Novice: 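Have a look at the structure that comes next, please.
The structure displayed is predicted, hence computed values, not measured ones.
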Amino acid sequence: MKELIRFIKTSGIYMVGNILTKAITFFMLPIYTKYLSPTDYGIYDVNIAYITFLSSVLFLDIWSGILRYMFDYQIKEEKRKPILSGLIIFTASTILYAIFSFTLGSIMSIDYIFWVFLYGLTLNLQQLFAYIIRGFAKNALFAISGLVGSIVTVVFNVVFIALLHYSYQFLYVASILGSIVNILILLSGVNIFKLLKRDNLDWHLTLDMLIFSLPLTINSISWWFLTAFNRVILTNTLSSAANGLYAIANKFSAIVQLVDQAFQMAWQEISFSKGGSKDKNQDAFFSSAINEYIKFMAFGIAILLPIIKIIFPYFVNEAFDASLKVIPLALIATLLSSISTFLGGTLTAIKKNRYLFTTTIAGTVVNIIVVYATIGTLQVQAASLALGAGYLAVDFRRYALLKKYIGLKIKGTLLLGLTILLIISVIIFWIGNILFNAVAFFSFFCLMLYLYKDLIVKFISDIKIRKD
C-alpha cells in the first residue's frame with residue numbers, strides 16, 4: 001500500500017502538469033477545426049508522422065536510457081556520468097537527424113521542411129532535458145515547464161491561426177517556440193557546465209548505454225509502424241482530409257494519454273527503483289500495480305466516452321463531424337496502447353528490454369495486415385481497428401514474457417468485467433442521445449467511486465496524518 005500511495009502522489013504531480021498542459025491544447029480544437037480545413041490539418045499531421053519516424057530511428061530513445069542508468073547511482077554527482085554519456089549519443093544523433101531530414105524532405109517534397117525539422121529537434125531536446133530533470137527528482141519543475149511551454153504554444157497558435165490567419169506551417173512555429181521556453185525552464189534546474197566536466201566522461205558507460213538503447217530504438221521504429229504508419233496509409237490511400245478526420249478523433253484520445261503519461265512517468269521511477277532492488281516482494285508488487293492500472297484506465301475510457309458525446313458539438317466545427325464516429329475505436333486502441341507501454345516499462349525495469357522490439361514487431365505485422373485488409377470497406381475506422389488489433393497482439397506477448405520472468409498474474413474475471421463495461425459504453429455512445437449518455441456517465445462514475453472507496457479513504461487519511 002505504501003508503494004501504491006507513493007505511485008499515486010508521484011502520478012499526481014505529473015498529472016497536474018499534464019492535465020493543465022493537455023487541457024489547454026484540447027481547448028484549441030475549436031480554432032483548429034474552424035480555421036483549418038481537414039486537408040491542411042491532415043498534411044500537418046502526416047508530416048509530424050514522418051519526422052517522428054526519423055527521430056525514432058536516429059535518437060535511440062536515449063532519454064529512457066539516461067533515466068534508467070541514473071537510477072543505478074545514489075549520489076547526485078555520480079548521476080552526471082550517464083547524463084554526459086547520453087548527451088554524447090544525442091549529439092551524434094542530431095547530426096544524422098539534420099542530414100536525413102533535409103535530404104529526405106527534398107526527395108519527398110515535404111512542405112516547410114525547415115520548420116518540420118526544427119519541430120522535431122526541439123521536441124527531442126525537450127524530451128532529453130525532461131528525463132534528466134526527472135532523474136534528479138525535480139518533478140515539480142518538470143510539470144511547470146510543460147505547463148508554461150504549452151501556454152506559449154497556444155498563445156502563438158491563437159495569434160498565428162485565429163488572428164493573423166496564417167497557414168498550417170505556423171502550427172510548427174508555435175510548437176517550436178513553446179518547446180524552447182520549456183527547455184529553458186528545464187535548464188534552470190540543472191547546471192549544464194557541471195554535466196560536461198571531463199570527470200563525468202566514461203566511455204565504457206557510454207558504450208553500455210548505447211547497447212542498452214539499441215533495442216529501444218528498434219522498438220521505437222516498430223512502434224512507429226504500429227501507430228503513425230496508419231496516418232500515412234490514410235493519406236496515401238484515401239486523402240489528406242481523411243487523415244485530418246482521424247487526427248481530430250485522436251485529439252480526444254489525448255485526454256486518455258495525458259492521464260496515462262502521468263502514470264507512466266511515475267511508474268518508470270518506481271519500477272526502475274524496484275527493478276534495481278533486491279525486494280523479494282517485487283513480483284507481487286508488479287502484478288498488483290498492473291491489475292490496478294488496467295482497471296483504472298478502462299473505467300476512465302468508459303466514463304470519458306459519454307462526456308465526449310455531450311461536449312463534441314461545442315468543440316468541433318461541423319466540417320469535422322465525421323470524426324465523431326471514429327472516436328470510440330480510437331479510444332479503445334489508446335487503452336490497449338497504454339497497457340502495452342505500461343507492460344513495456346516493467347520489462348525495461350527488470351532489464352529485459354531486449355525483448356521489447358520482438359513484441360512490437362508482432363503488433364506491427366498485425367496492424368499492417370488489418371489496415372490493408374479493411375481500409376477499403378471501413379475507410380477511416382480501419383486505422384483505429386488495425387491499431388487496436390496490433391496493440392492487443394503486443395499486450396499478449398508482453399504479458400507472456402512478464403509471466404515468465406516475474407510471474408505476472410492478471411485476473412481473468414477483471415478483464416471480462418472491464419470488457420463488458422467498455423462494450424456497453426461504446427454502444428451507448430453510438431446509439432444513445434445526450435440524456436442517455438449523461439445517465440451512463442453518472443452510473444459509471446458512481447461505480448468507480450464505490451470500487452475505489454477503500455483506497456480513497458486510505459489516501460485521505462494518509463494526507464491528514466502528515467498534516468498533523
Novice: Answer yes or no: is there a donor N or O on one side and an acceptor on the other, between the side chain of N124 and the main chain of F59, under 3.5 Å?
Specialist: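 Looks like no, no N/O pair under 3.5 Å.
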Novice: Please confirm whether the backbone N or O of L36 pairs with a side-chain atom of D40, one donor and one acceptor, at under 3.5 Å?
Specialist: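 Side chain of D40 to backbone of L36: no pair is present.
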Novice: So does L58 get a backbone contact from the side chain of S93, meaning a donor-acceptor N/O pair under 3.5 Å?
Specialist: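 It does hold such a pair.
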Novice: F117 and Y97: side-chain contact (heavy atoms from CB on, under 4.5 Å), yes or no, with the steps?
Specialist: CA-CA 9 Å; F117 161 77; Y97 171 73; 3.3 Å; yes
Novice: Might you point out which heavy atoms bring N47 and D111 nearest each other, and give the distance in Å?
Specialist: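 Closest pair (atom of N47, atom of D111, distance): ND2-O, 4.1 Å.
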Novice: Would you say that L305 contacts P328 through its side chain, given a criterion of any heavy-atom pair below 4.5 Å between the two side chains?
Specialist: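 When only atoms from C-beta onward are counted, P328 and L305 do touch, with a gap below 4.5 Å.
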Novice: Which heavy atom of A130 sits nearest a heavy atom of L186, and at what distance?
Specialist: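 In terms of heavy atoms, the two residues are closest at N-CD1, 3.6 Å.
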Novice: Is there a side-chain contact between T52 and S56, using heavy atoms and a 4.5 Å cut-off?
Specialist: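 In contact.
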Novice: Decide yes or no for F102 and F114: does some side-chain heavy atom of the first lie under 4.5 Å from some side-chain heavy atom of the second?
Specialist: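 Contact flag for F102/F114 side chains = yes.
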Novice: Please answer whether the main-chain N or O of L414 pairs with a side-chain N or O of K295 as donor and acceptor at a distance below 3.5 Å.
Specialist: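 No.
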Novice: Okay, side chain of Q126, backbone of L121: is any donor-acceptor separation there less than 3.5 Å?
Specialist: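 No, the answer is negative, given that no donor and acceptor are paired below the 3.5 Å cut-off.
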Novice: Side-chain contact test, heavy atoms from C-beta onward, threshold under 4.5 Å: evaluate it for L187 versus F129 and give yes or no.
Specialist: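 Yes; the side chains approach each other to less than 4.5 Å.
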Novice: Taking C-beta and beyond as the side chain, do L128 and L87 meet within less than 4.5 Å on heavy atoms?
Specialist: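 Side-chain contact under 4.5 Å: yes.
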Novice: Would you check if the side chain of T377 reaches a backbone N or O of T374 as a donor-acceptor pair within less than 3.5 Å?
Specialist: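 Yes.
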Novice: Is the shortest heavy-atom distance from the side chain of S213 to the side chain of D61 under 4.5 Å?
Specialist: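 No, side chains not in contact.
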Novice: Show the nearest heavy-atom pair for residues S323 and I248, with the distance to one decimal.
Specialist: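 Closest pair (atom of S323, atom of I248, distance): OG-CG2, 3.8 Å.
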Novice: Given I410 and I290, is the side-chain contact (heavy atoms from CB on, under 4.5 Å) satisfied, shown in steps?
Specialist: CA-CA 8 Å; I410 296 180; I290 289 171; 4.3 Å; yes
Novice: Would you say S340's side chain and S337's backbone share a donor-acceptor pair under 3.5 angstrom?
Specialist: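 Such a contact is found between S340 side chain and S337 backbone.
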Novice: Tell me if the aromatic rings of Y41 and Y32 count as close, with their centers under 6.0 Å from one another.
Specialist: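 Ring centres of Y32 and Y41 closer than 6.0 Å.
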Novice: Check for me whether the distance between the ring centres of F445 and F299 falls short of 6.0 Å.
Specialist: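 Distance test on ring centres: not under 6.0 Å, no.
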Novice: If you measure from CE on M70 to CZ on R68, what distance do you get to the nearest 0.5 Å?
Specialist: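 Output value for this atom pair is 12.5 Å.
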Novice: Return yes if some donor-acceptor pair links the side-chain N/O of N367 with the main-chain N/O of F225 below 3.5 Å, else return no.
Specialist: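 Side chain of N367 to backbone of F225: a pair is present.
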Novice: Any idea how F342 and Y293 line up, ring-wise: parallel (<30°), tilted (30 to 60°), or perpendicular (>60°)?
Specialist: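 Ring orientation of F342 relative to Y293: parallel.
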Novice: Return the CE to CD distance between M297 and E292, rounded to the nearest 0.5 Å.
Specialist: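 Here the rounded value is 13.5 Å.
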Novice: Check the side chains of R398 and T360 for a donor-acceptor pair under 3.5 angstrom, ignoring hydrogens and angles.
Specialist: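 Short answer, yes.
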Novice: Are any side-chain N or O atoms of S188 and backbone N or O atoms of I185, one a donor and one an acceptor, separated by less than 3.5 Å?
Specialist: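 Between the backbone of I185 and the side chain of S188 there is a qualifying donor-acceptor contact (under 3.5 Å).
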Novice: Is there a side-chain contact between I308 and L331 (heavy atoms, below 4.5 Å)?
Specialist: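 I308 vs L331: side chains touch.
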Novice: With a 4.5 Å limit on heavy-atom distance, are the side chains of D45 and Y168 in contact?
Specialist: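 D45 does not reach Y168 side chain to side chain.
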Novice: So which atom in Y44 and which in S175 form the shortest heavy-atom distance, rounded to 0.1 Å?
Specialist: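 Closest pair (atom of Y44, atom of S175, distance): OH-OG, 4.4 Å.
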Novice: Please confirm whether F252 and F312 have ring centers closer than 6.0 angstrom.
Specialist: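 Yes: the rings meet the under 6.0 Å criterion.
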Novice: Given the rule in the side-chain contact (heavy atoms from CB on, under 4.5 Å) test, do T341 and S338 qualify, once you have shown the distances and angles that lead to the verdict?
Specialist: CA-CA 5 Å; T341 304; S338 300; 5.8 Å; no
Novice: Donor-acceptor check, side chain of W115 to backbone of L171, threshold 3.5 angstrom: yes or no?
Specialist: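 Side chain of W115 to backbone of L171: no pair is present.
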Novice: Just verifying a value: how many Å separate I132 CD1 and K138 NZ, rounded to the nearest 0.5 Å?
Specialist: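 Nearest 0.5 Å value for the CD1-NZ distance: 11.5 Å.
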Novice: For the CD1 atom of I428 and the OG atom of S443, what is their distance to the nearest 0.5 Å?
Specialist: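 Interatomic distance, I428 CD1 to S443 OG, rounded to 0.5 Å: 8.0 Å.
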Novice: Provide the closest heavy-atom pair for W63 versus F90 in the form atom of the first, atom of the second, distance.
Specialist: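 Heavy atoms of W63 and F90 come nearest at CZ3-CE1, 3.8 Å.
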Novice: Report the C-alpha separation of S101 and I51 in whole Å, then their side-chain angles, then the decisive distance to 0.1 Å, and conclude whether the side-chain contact (heavy atoms from CB on, under 4.5 Å) test is met.
Specialist: CA-CA 8 Å; S101 290; I51 210 67; 3.9 Å; yes
Novice: How about F170 and F156: are their ring centres within less than 6.0 Å of each other?
Specialist: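 Here the rings of F156 and F170 have centres that are no less than 6.0 Å from each other.
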